[in-house]
Amino acid sequence: FDGPEYRIISFEMTLVKNGAIDTLRTNGHRMSYEMRDRVDNMPDGGVLQFDNIKYLTEGDTLIAPPLRVFLRRDSIKKF
């Protein structure tokens, strides 16, 4: 990888369940155990959004654009 190095400082994960919006926050680059548990228990078709992704690169703290993930729990097909 020839691009600049960066380090994730913190991020938020927002999810919707039964019409209620819930936002969880964590420091560092890993999902918290609570975040992992919520994802594991989400139904098929659930939506996650990662926001306020703060990262450090070359001495500057920047915020990445939001990332939206749609969950699909199909069986994995091999080609």
Side-chain angles (χ1 to χ4, degrees):
F1 178 70
D2 292 331
E5 291 186 24
Y6 63 92
R7 182 172 53 95
I8 302 294
I9 299 170
S10 64
F11 63 93
E12 296 176 353
M13 184 182 81
T14 302
L15 50 98
V16 178
K17 186 173 182 182
N18 299 327
I21 297 173
D22 195 10
T23 301
L24 303 170
R25 294 169 182 78
T26 190
N27 291 319
H29 65 280
R30 294 182 181 217
M31 292 172 59
S32 68
Y33 289 114
E34 184 177 8
M35 288 176 168
R36 293 178 199 178
D37 187 51
R38 299 276 182 96
V39 171
D40 286 344
N41 292 308
M42 286 188 72
D44 188 36
V47 179
L48 300 170
Q49 183 160 315
F50 295 93
D51 288 302
N52 295 319
I53 305 165
K54 295 181 182 176
Y55 65 99
L56 184 66
T57 181
E58 299 176 359
D60 293 324
T61 300
L62 304 170
I63 299 177
L67 173 66
R68 188 171 287 182
V69 178
F70 298 88
L71 298 179
R72 246 180 96 180
R73 299 195 189 275
D74 288 348
S75 61
I76 298 173
K77 297 182 170 75
K78 295 184 180 183
F79 293 97

Subject >> Partner residues of Thr26 under the side chain to side chain contact (heavy atoms under 4.5 Å, CB included) criterion, sequence neighbours left out >> reply: Phe11, Ser32, Met35
Subject >> With Val47 via side chain to side chain contact (heavy atoms under 4.5 Å, CB included) - residues at least two apart >> reply: Arg68, Phe70
Original post:
Who are the salt bridge (Lys or Arg N to Asp or Glu O under 4.0 Å) partners of Arg36, not counting sequence neighbours?
Top reply: none
Original post:
By salt bridge (Lys or Arg N to Asp or Glu O under 4.0 Å), which residues pair with Asp22, not counting sequence neighbours?
Top reply: Arg38
**OP:** Search all heavy atoms of Gly28 against all heavy atoms of Ile8 and return the closest pair with its distance.
**Re:** O-CG2, 3.5 Å
Original post:
What distance do Met13 atom CE and Leu67 atom CG have between them, rounded to the nearest 0.5 Å?
Top reply: 12.0 Å
**OP:** With rounding to the nearest 0.5 Å, note down the distance linking NE2 in His29 to CD1 in Ile53.
**Re:** 14.0 Å
Original post:
Can you list the residues that meet the side-chain hydrogen bond (donor to acceptor under 3.5 Å, both in side chains) rule with Thr23, with sequence neighbours excluded?
Top reply: Thr14
Original post:
Are Leu71 and Val16 connected in a single hydrophobic cluster, I mean Ile/Leu/Val/Met/Phe/Trp/Tyr linked by side-chain heavy atoms less than 4.5 Å apart?
Top reply: no
**OP:** Starting from Leu56, walk the hydrophobic network (Ile, Leu, Val, Met, Phe, Trp, Tyr; side-chain heavy atoms closer than 4.5 Å) and list everyone else you reach, by chain and number.
**Re:** Ile9
Original post:
Between the main-chain N or O of Glu5 and the side-chain N or O of Thr57, is there a donor-acceptor pair closer than 3.5 Å?
Top reply: yes
